[in-house]
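To start, the structure itself, in structure tokens.
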Amino acid sequence: MITSALPPAPPPDLGVSYRLVAPHAATTPKILRDLVAVLVVAFGHEDIVDQLRLCVSEVVTNAYLHTRTNLITVDVSLGSDSVTVWVNDDRPGWLPRVPRIAPPWGAENGRGLFLMSRFADRWDVDSNGAAGTKRFGFSIGYEGAA
């Protein structure tokens, strides 16, 4: 079967969602980044795959490095004009803020939210302190979306 001859799947009219769950492991950021990329390509949105991979990698890496959660959960919603990704973690007390200026060139960390603010169309954090969880989400619009 020659898959390159197949047309991409049409984008969903009303949206479709997926939930990806992975262990708290060093390989998880790469695996989840690649799985989310496969989803958007399957729905014909290759135009955003690079910026999406970068954003997923940043958010999942933060969940891996800065939380104790046993499982990292990623919710992906493919809408008619954008993709939205939520990453859940167990650190509700820490709410990130975008740095006002870019981190120094040689800095070992601190670039994640700065990059997120440049590559995602919007992002938000939803804390549920009573449940002991936090959701970090971002959206990226499809190229030429209305």
Side-chain angles (χ1 to χ4, degrees), residues 1-100 102-103 109-146:
M1 176 180 197
I2 300 172
T3 58
S4 61
L6 298 174
D13 291 331
L14 300 175
V16 63
S17 296
Y18 295 86
R19 173 166 277 180
L20 307 169
V21 181
H24 186 267
T27 56
T28 293
K30 179 190 181 338
I31 291 168
L32 290 177
R33 171 183 70 220
D34 292 347
L35 288 173
V36 172
V38 165
L39 285 174
V40 298
V41 169
F43 282 90
H45 300 295
E46 295 87 358
D47 53 308
I48 65 165
V49 75
D50 290 335
Q51 69 193 84
L52 181 70
R53 287 172 58 88
L54 183 131
C55 292
V56 169
S57 186
E58 289 296 332
V59 178
V60 174
T61 298
N62 280 345
Y64 168 70
L65 291 175
H66 303 294
T67 70
R68 300 171 313 277
T69 187
N70 291 326
L71 297 173
I72 296 175
T73 304
V74 175
D75 293 308
V76 182
S77 295
L78 295 136
S80 59
D81 62 354
S82 65
V83 61
T84 301
V85 177
W86 288 96
V87 176
N88 304 284
D89 70 43
D90 64 358
R91 195 168 177 200
W94 180 78
L95 298 178
R97 292 176 294 169
V98 176
R100 292 192 172 115
N109 53 37
R111 285 187 169 74
L113 290 179
F114 185 76
L115 290 171
M116 183 71 59
S117 69
R118 299 298 186 258
F119 288 102
D121 293 325
R122 57 194 170 279
W123 65 269
D124 192 18
V125 177
D126 180 19
S127 177
N128 185 352
T133 62
K134 173 179 74 220
R135 291 181 356 140
F136 188 104
F138 65 89
S139 295
I140 299 174
Y142 307 133
E143 186 73 27

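What you see is a predicted model, and the numbers here were worked out from it, not measured in a lab.
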query = Is the closest side-chain heavy-atom distance between V16 and F43 below 4.5 Å?
reply = yes

key: Stepwise side-chain contact (heavy atoms from CB on, under 4.5 Å) check, S82 with R122   = CA-CA 11 Å; S82 65; R122 57 194 170 279; 3.9 Å; yes

Salt bridge (charged side-chain N to carboxylate O under 4.0 Å, His left out) against D121, all qualifying residues, sequence neighbours excluded = none

message = Please enumerate all residues that pass ring-ring contact (aromatic ring centres under 6.0 Å, His included) together with Y64, with sequence neighbours excluded.
response = H24

task = Show the numbers, then the answer: is there a side-chain contact (heavy atoms from CB on, under 4.5 Å) between L20 and V36?
result = CA-CA 9 Å; L20 307 169; V36 172; 3.8 Å; yes

Donor-acceptor pair, side chain of N88 and main chain of T73, under 3.5 angstrom = yes

remark   = T28 meets the side chain to side chain donor-acceptor pair (under 3.5 Å) criterion, sequence neighbours left out, with none

request  = Could you note down all residue pairs passing salt bridge (Lys or Arg N to Asp or Glu O under 4.0 Å) where residues 17-28 supplies at least one of them, sequence neighbours left out?
outcome  = R19-D75

request  = Quick one: list whatever passes salt bridge (charged side-chain N to carboxylate O under 4.0 Å, His left out) with R33, sequence neighbours left out.
outcome  = none

request  = Please name all residues satisfying side-chain contact (heavy atoms from CB on, under 4.5 Å) with D34, sequence neighbours left out, ordered by chain then number.
outcome  = K30, R53

message = Checking V85 against V74 for the side-chain contact (heavy atoms from CB on, under 4.5 Å) test, could you report, in this order, the C-alpha distance in whole Å, the side-chain angles of both residues, the deciding distance, and whether it holds?
response = CA-CA 7 Å; V85 177; V74 175; 3.7 Å; yes

ask   = Any chance the rings of W123 and F136 have centres within less than 6.0 Å?
value = yes

request  = Taking side-chain contact (heavy atoms from CB on, under 4.5 Å) as the test, write out the residues that go with A63, two or more places apart.
outcome  = I72, V87, D89

task = Check A120 against I140 and note the closest heavy-atom contact, atom names and distance.
result = CA-CG1, 4.0 Å

ask   = Taking only residues two or more places apart in sequence, or in another chain, which ones meet D124 in a side chain to side chain donor-acceptor pair (under 3.5 Å)?
value = none

Side chain to side chain donor-acceptor pair (under 3.5 Å) involving T61 - partner list, sequence neighbours excluded = none

query = Going from SG on C55 to CZ on F138, what distance comes out if it is rounded to the nearest 0.5 angstrom?
reply = 5.0 Å

Rounded distance [0.5 Å steps], OH in Y142 versus CD1 in I48 = 6.0 Å

key: Any side-chain donor near an acceptor of the partner, T84 and S77, under 3.5 Å   = no

key: Heavy-atom donor-acceptor pair, Y18 side chain to V76 backbone, under 3.5 Å   = no

